[in-house]
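Please read the structure below before turning to the comments.
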Amino acid sequence: METWRVIAGALIGFGGVILVLLAMAQTRDRKGATNSTVAQTGAISLTIIVLLCVLSLTVLPGPVVWGIVALVGVVNAVLLLTS
């Protein structure tokens with residue numbers, strides 16, 4: 001496995017954990033949200049992040065992987081600045 005894939009996967013994973021926590025917090029703040037909806041949001045978000053990490057480590061081409069890394073970074077920056 002190439003080094004750049006490992007670095008990109010780690011960046012996606014680290015940024016993804018922050019996104020999962022932000023998604024769960026925003027779900028919790030919604031009116032009428034229950035503990036099960038918050039847990040379901042966290043499970044779905046974590047599954048998507050794990051899937052992106054596995055795909056970036058194995059089959060996706062380089063420009064797509066780095067585009068995902070940039071997208072995760074931009075979304076994190078925007079969500080952290082607006083919350």
Side-chain angles (χ1 to χ4, degrees):
M1 186 174 309
E2 297 97 348
T3 305
W4 67 267
R5 286 189 181 271
V6 175
I7 293 170
L11 290 172
I12 292 171
F14 179 73
V17 168
I18 296 170
L19 287 176
V20 168
L21 293 175
L22 285 171
M24 290 175 71
Q26 288 180 353
T27 302
R28 186 191 67 227
D29 289 343
R30 273 191 278 157
K31 193 174 194 176
T34 61
N35 289 339
S36 63
T37 58
V38 174
Q40 185 178 15
T41 301
I44 291 170
S45 302
L46 188 63
T47 303
I48 292 170
I49 294 301
V50 168
L51 181 65
L52 282 175
C53 284
V54 168
L55 288 175
S56 70
L57 288 172
T58 55
V59 296
L60 291 177
V64 174
V65 171
W66 290 112
I68 292 171
V69 170
L71 182 67
V72 167
V74 168
V75 170
N76 270 329
V78 168
L79 287 178
L80 288 172
L81 288 174
T82 59
S83 63

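Being a predicted model, the structure only gives us computed values, none of them experimental.
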Which atom names give the shortest non-hydrogen contact between V54 and T58, and what distance separates them? O-OG1, 2.7 Å
Is there a continuous path of hydrophobic side-chain contacts, each under 4.5 Å between heavy atoms, that joins L71 to L57? no
With hydrophobic residues grouped by side-chain heavy-atom distances under 4.5 Å, do L52 and W4 end up in a single group? yes
Any chance CG of N35 has more than 12 other-residue heavy atoms, nucleotides or ligands included, within less than 6.0 Å? no
Could you state the interatomic distance from CZ (R5) to OG (S56), rounded to the nearest 0.5 Å? 7.5 Å
Student check: side-chain heavy atoms of L11 and W66 closer than 4.5 Å: yes
side-chain contact (heavy atoms from CB on, under 4.5 Å) assessment of V6 paired with E2: CA-CA 7 Å; V6 175; E2 297 97 348; over 6 Å; no
Please report the shortest heavy-atom distance between V65 and A8, naming the atom on each side. CG1-CB, 3.4 Å
Heavy-atom check, side chain of I68 versus side chain of I12, under 4.5 Å: yes
Cluster check I18, V72: I/L/V/M/F/W/Y, side chain < 4.5 angstrom: yes
If only atom types and distance count, is the side chain of T37 paired as donor or acceptor with the main-chain N or O of A33 below 3.5 Å? no
Same cluster or not: are V50 and V59 linked, directly or through other Ile, Leu, Val, Met, Phe, Trp or Tyr residues, by side-chain heavy atoms under 4.5 angstrom apart? no
Within this structure, what is the SG-CG distance for the pair C53 and L46, rounded to the nearest 0.5 Å? 9.5 Å
Joint hydrophobic cluster, L55 plus V20, side-chain heavy atoms closer than 4.5 Å: no
If you measure from CG on L22 to CG on N76, what distance do you get to the nearest 0.5 Å? 6.5 Å
Between atom CD of Q26 and atom CG of L21, what is the distance when rounded to the nearest 0.5 Å? 11.5 Å
